[in-house]
Number of protein chains: 2
Amino acid sequence: MEEEKKLDVAFMQEALKEAEEALEYDEVPVGALIVMGGKVVARAHNMRETSQDATAHAELLAIRKACEALKTWRLVGCTLYVTLEPCPMCAGAIVLSRLDRVVFGASDPKAGACGSLMNIPGDDRFNHRPEIVPGVLAEECARILKDFFMQKRQKNILT
Amino acid sequence: MEEEKKLDVAFMQEALKEAEEALEYDEVPVGALIVMGGKVVARAHNMRETSQDATAHAELLAIRKACEALKTWRLVGCTLYVTLEPCPMCAGAIVLSRLDRVVFGASDPKAGACGSLMNIPGDDRFNHRPEIVPGVLAEECARILKDFFMQKRQKNILT
């Protein structure tokens, strides 16, 4: 159990690196990772503005990449690490892809669908219920978002 | 209003053609269309098995195609037609993409997120609420699904 916690922290640090990568594209910094048997099988960050694709959230891109890498839509045995609580779209994709576990960092009181506004992966009317682990490196994951939005606001005031 | 109803039926018939196209790939027959100013800007059908992508639902593919065609993630002024009530993933994508309207055919009591199990596009905690029109050509849209699953079961009994 202690070992699992250490691994979760280590992989969330990797997901944070993906979030930092998003900053280079001036994208809202959210990063995601999919891990199977201790190995990273997919990594992605939010790309909505750059790709002009409404569905290009970090988690959805990571799930699609993992399906491609593993050549199956069933991500059984996989864990998703994401720096921000998934929204309804991503939470729905998590259920559909049969992920075993979801570990997230910061909670999202405005759009979170894994415990905040609703709990889609915990809804027993669906045929799959992944384990949800909230709050891993929550402060670091929230800070990168807060800093991003604060800088955006400052730029808006100055320009 | 009467004119809008006629258009909705005509476009749902087009979405049904997409569902029929899915049958050629032995995919669960669900079809979707995105229309702007009376013109079809994207069309897609379920491709989960063929593409081995857990996110390859008709609606999500249509939304991604429409974003690409219109070069924007904001599908303002667009209507989505889909033969089956959207699931949580697709309902979440509908909210994120700012679609004006969603017209669907058959309800989905097992996974529907536009009124059946939950109502994501009608949730006033999100910053966008598209108009939802349920039940257009509902019987035809349900029948193609029932026939598909009945044939699947018969094959399973015979083999």
Side-chain angles (χ1 to χ4, degrees), chain A residues 27-28 34 42 46-57 59-76 78 80 86-99 108-114 116-128, chain B residues 27-28 34 42 46-57 59-76 78 80 86-99 108-114 116-128:
Chain A
E27 296 276 358
V28 174
I34 293 182
N46 177 31
M47 281 289 275
R48 188 178 66 168
E49 301 299 331
T50 311
S51 65
Q52 286 296 313
D53 175 353
T55 75
H57 281 189
E59 306 94 304
L60 205 90
L61 295 175
I63 287 171
R64 285 174 49 206
K65 282 184 185 179
C67 290
E68 207 180 328
L70 301 171
K71 295 181 179 26
T72 176
W73 63 260
R74 294 170 185 85
L75 301 182
V76 179
C78 292
L80 169 73
C87 75
M89 174 184 74
C90 294
I94 285 161
V95 173
L96 291 173
S97 62
R98 315 273 171 88
L99 278 156
D108 184 356
K110 283 191 185 170
C114 297
S116 287
L117 293 192
M118 51 187 79
N119 189 350
I120 289 172
D123 192 321
D124 59 14
R125 296 172 299 175
F126 298 120
N127 59 1
H128 178 68
Chain B
E27 295 276 356
V28 175
I34 293 182
N46 176 32
M47 282 289 276
R48 186 178 67 170
E49 301 300 330
T50 311
S51 65
Q52 288 295 314
D53 175 353
T55 75
H57 280 190
E59 305 94 304
L60 205 90
L61 295 175
I63 288 170
R64 285 173 48 205
K65 282 183 184 179
C67 291
E68 208 181 327
L70 301 173
K71 297 183 179 22
T72 174
W73 63 260
R74 293 171 186 87
L75 301 182
V76 179
C78 293
L80 169 74
C87 75
M89 174 185 73
C90 295
I94 285 161
V95 174
L96 290 174
S97 62
R98 315 271 171 91
L99 277 155
D108 184 355
K110 283 190 184 169
C114 297
S116 287
L117 293 191
M118 53 187 78
N119 189 350
I120 289 172
D123 193 321
D124 59 14
R125 295 172 299 176
F126 299 120
N127 60 0
H128 178 69

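Quick note on labels: first sequence line is chain A, next is B, and so on, each numbered from 1.
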Within the structure provided, determine whether [X] and [Y] are in side-chain contact (heavy-atom separation under 4.5 Å).
| X | Y | answer |
| --- | --- | --- |
| A:Lys65 | A:Ile34 | no |
| B:Glu59 | B:Leu80 | yes |
| A:Lys110 | B:Asn127 | no |
| B:Thr50 | B:Glu27 | yes |

- Quick one: salt bridge (charged side-chain N to carboxylate O under 4.0 Å, His left out) pairs with a partner in residues 116-125 of chain B, sequence neighbours left out?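 Pairs touching residues 116-125 of chain B that pass the test: B:Asp123-B:Arg125.
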
Which atoms of [X] approach chain A - backbone, side chain, both or neither, heavy atom under 4.5 Å:
| X | value |
| --- | --- |
| B:Ala91 | neither |
| B:Thr55 | side chain |
| B:Ile120 | side chain |
| B:Leu117 | both |

- Note on the structure: Max heavy-atom pairs within cutoff under 4.5 Å with chain B, candidates A:Ile94, A:Asp53, A:Leu75, A:Leu70, goes to A:Asp53

- Query: Partners of A:Gln52 by side-chain contact (heavy atoms from CB on, under 4.5 Å), sequence neighbours excluded?
  - Reply: A:Glu49, B:Thr72, B:Trp73

- Name the region of A:Ile63, side chain, backbone, both or neither, that has any atom closer than 4.5 Å to a heavy atom of chain B.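 Side chain only.
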
- Task: With a 4.5 Å cut-off on heavy-atom pairs, point out which of B:Arg74, B:Lys71, B:Arg98 contacts chain A the most.
- Result: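 Option with the greatest count: B:Lys71.
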
